[in-house]
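Position 1 is the first residue of the sequence, and the numbers go up from there. Please read these numbers as outputs of a predicted model, since none were measured by experiment.
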Amino acid sequence: MIKPDTRDSLIRFLQILVAHHPSKRCRRGSADLLINFDDHWPSNLSLSSQDSSKLLESVAADNHKICGKEVPRGYWIFCRGSKSETRGFSCGLWVLLHSLTVQIGDGESQSTFTSICDFIHNFFICEECRKHFYDMCSSVSVPFKSARDLSLWLWSTHNKVNERLMKEEKDMGTGDPSFPKAIWPPKALCPSCYRSSSRTSDGTLQVDWNEDEVFPFLVNYYGKTLVSSYKETYMESLQGRTQVGAALADDASSHAARVPIGAALGVAAASCTFGALACFWRTQQKNRKYSYRLHSLKKI
């Protein structure tokens with residue numbers, strides 16, 4: 001799915017993960033993948049079928065796992081369904097997107113919106129889901145000027161998707177009985193988010209939302225609470241596995257939601273925009289890699 005016209009959108013999404021993924025290990029792994037991106041997927045992707053096969057073999061041999069080898073594929077903590085075919089990846093992707101939108105700076109809101117929309121449009125496997133999501137992206141006519149606006153747009157979009165899926169899952173019996181689709185957040189979690197609520201004749205919940213309360217809830221839930229809950233749940237589920245527990249201690253600090261990937265991004269001034277930071281950092285890393293190779297060749 002990585003083609004000349006989709007390659008840049010994947011790079012931009014990885015840049016956001018490098019700076020804002022809630023897990024330190026996932027930020028580090030995203031950075032490693034970004035540094036070596038040109039080696040795996042050259043900008044000139046017009047390759048013969050034989051060259052393409054060799055390239056895929058080299059990527060597979062590298063066995064790159066963004067969040068580390070300690071996390072097995074398909075191991076969902078918050079998004080594990082009661083049935084193998086429910087929740088999982090789509091749920092995990094929503095959680096990731098929400099966590100990104102509550103951690104970016106205001107100056108990154110429009111570029112993050114574009115990156116999310118392009119990433120879903122180019123790489124989400126469900127064709128119908130891609131179309132629905134991109135239609136909602138296309139309906140936005142005014143650029144986002146703040147993280148608050150983007151976070152609330154994604155929250156509202158997610159609720160619209162859930163509202164549609166509630167009806168589909170009920171008619172087709174495809175939902176997860178233990179985790180039925182619902183409007184978020186429920187009143188029990190955030191009563192102040194609701195000014196008033198009522199149900200229509202067909203049972204649809206209509207809510208007059210207090211967005212001044214919804215936004216702080218999203219920031220806390222997908223920021224600090226997400227990171228601390230991840231630490232506790234992961235520790236409990238892997239109790240007795242000392243090595244993984246030790247790796248986690250480095251991963252889920254209370255700072256994890258806002259700290260970029262260490263010195264690599266710290267080389268730029270704090271007032272720079274993220275786009276400039278990521279591009280500068282990536283160029284620096286590629287230059288160092290090239291210089292190291294050149295130096296090694298001179299020694300031969």
Side-chain angles (χ1 to χ4, degrees), residues 22 74-102 112-113 116-141 144 148-223 225-226 229-230 233:
Y75 183 82
W76 302 105
I77 296 175
F78 304 112
C79 289
R80 186 183 296 118
S82 63
K83 299 189 291 185
S84 59
E85 68 272 17
T86 59
R87 306 191 85 207
F89 177 77
S90 57
C91 167
L93 182 60
W94 275 115
V95 172
L96 172 62
L97 298 182
H98 284 298
S99 73
L100 296 176
T101 61
V102 301
T112 301
F113 165 73
I116 288 174
C117 291
D118 287 345
F119 178 76
I120 299 297
H121 182 62
N122 291 322
F123 297 107
F124 197 69
I125 293 176
C126 170
E127 185 175 352
E128 184 182 0
C129 309
R130 278 204 313 269
K131 184 180 183 306
H132 279 300
F133 193 85
Y134 208 73
D135 284 346
M136 290 186 285
C137 288
S138 301
S139 68
V140 177
S141 56
F144 289 99
R148 178 185 187 275
D149 290 345
L150 177 57
S151 180
L152 288 173
W153 174 83
L154 187 68
W155 157 76
S156 176
T157 297
H158 196 173
N159 270 340
K160 289 175 183 176
V161 171
N162 276 352
E163 196 168 5
R164 177 172 56 83
L165 291 179
M166 272 190 274
K167 297 175 182 177
E168 289 185 9
E169 290 180 353
K170 183 179 180 181
D171 293 340
M172 301 176 66
T174 56
D176 191 320
S178 300
F179 301 96
K181 292 289 187 295
I183 299 302
W184 185 262
K187 201 166 188 176
L189 273 183
C190 185
S192 61
C193 292
Y194 289 67
R195 286 198 178 99
S196 63
S197 61
S198 60
R199 292 201 176 270
T200 60
S201 56
D202 64 353
T204 302
L205 180 65
Q206 290 188 323
V207 181
D208 180 14
W209 295 101
N210 182 351
E211 293 186 349
D212 289 335
E213 292 294 328
V214 172
F215 179 61
F217 170 83
L218 296 175
V219 170
N220 183 64
Y221 189 88
Y222 291 108
T225 302
L226 178 67
S229 297
Y230 169 75
T233 308

Of all residues at least two apart in sequence or in a different chain, which pass the side chain to side chain donor-acceptor pair (under 3.5 Å) check with [X]?
X: N220; answer: T225
X: S196; answer: none
X: S192; answer: E213

Q. Judged by atom type as modelled, is there a donor-acceptor pair below 3.5 Å linking the side chain of T157 to the main-chain atoms of W153?
A. yes
Which value, rounded to the nearest 0.5 Å, describes the distance between [X] atom [atom1] and [Y] atom [atom2]?
X: F217; Y: N210; atom1: CZ; atom2: CG; answer: 13.5 Å
X: T174; Y: E85; atom1: OG1; atom2: CD; answer: 9.5 Å
X: L100; Y: L154; atom1: CG; atom2: CG; answer: 9.5 Å
X: Y222; Y: S151; atom1: OH; atom2: OG; answer: 9.0 Å
X: L226; Y: Y221; atom1: CG; atom2: OH; answer: 8.0 Å
X: E211; Y: W155; atom1: CD; atom2: CH2; answer: 5.0 Å

Can you find a heavy atom in the side chain of [X] that is under 4.5 Å from one in the side chain of [Y]?
X: F179; Y: C79; value: no
X: F215; Y: L152; value: yes
X: K83; Y: P177; value: yes

Which residues pass the side chain to side chain contact (heavy atoms under 4.5 Å, CB included) test with [X], not counting sequence neighbours?
X: S139; value: none
X: P186; value: W184, L189
X: P216; value: none

**Q.** Identified side-chain contact (heavy atoms from CB on, under 4.5 Å) counterpart of S197 within the set V207, I183, D208
**A.** V207
**Q.** Non-neighbouring partners of D212 that pass salt bridge (Lys or Arg N to Asp or Glu O under 4.0 Å), sequence neighbours left out
**A.** R148
Side-chain polar contacts of residues 87-98 - donor-acceptor pairs under 3.5 angstrom, sequence neighbours left out - could you list them?
{"from": "R87", "atom 1": "NH1", "to": "F78", "atom 2": "O", "distance (Å)": "3.1"}
{"from": "R87", "atom 1": "NH1", "to": "R80", "atom 2": "O", "distance (Å)": "3.4"}
{"from": "H98", "atom 1": "NE2", "to": "H158", "atom 2": "ND1", "distance (Å)": "2.8"}

Sequence neighbours excluded - salt bridge (Lys or Arg N to Asp or Glu O under 4.0 Å) pairs with any residue from [range]:
range: residues 173-190; result: E169-K181
range: residues 123-134; result: K131-D135
range: residues 149-167; result: R164-E168

Q: Mind jotting down which residue pairs meet the disulfide (SG to SG under 2.5 Å) criterion with at least one end in residues 152-189? Sequence neighbours excluded, please.
A: none
Q) Any idea how F123 and F119 line up, ring-wise: parallel (<30°), tilted (30 to 60°), or perpendicular (>60°)? A) tilted
Q) Are Q206 and T200 close enough, and set up right, to give a side chain to side chain contact (heavy atoms under 4.5 Å, CB included), and what steps lead you there? A) CA-CA 7 Å; Q206 290 188 323; T200 60; 3.4 Å; yes
Q) What pair of heavy atoms forms the shortest contact from C117 to F133, and how long is it? A) CA-CE2, 4.2 Å
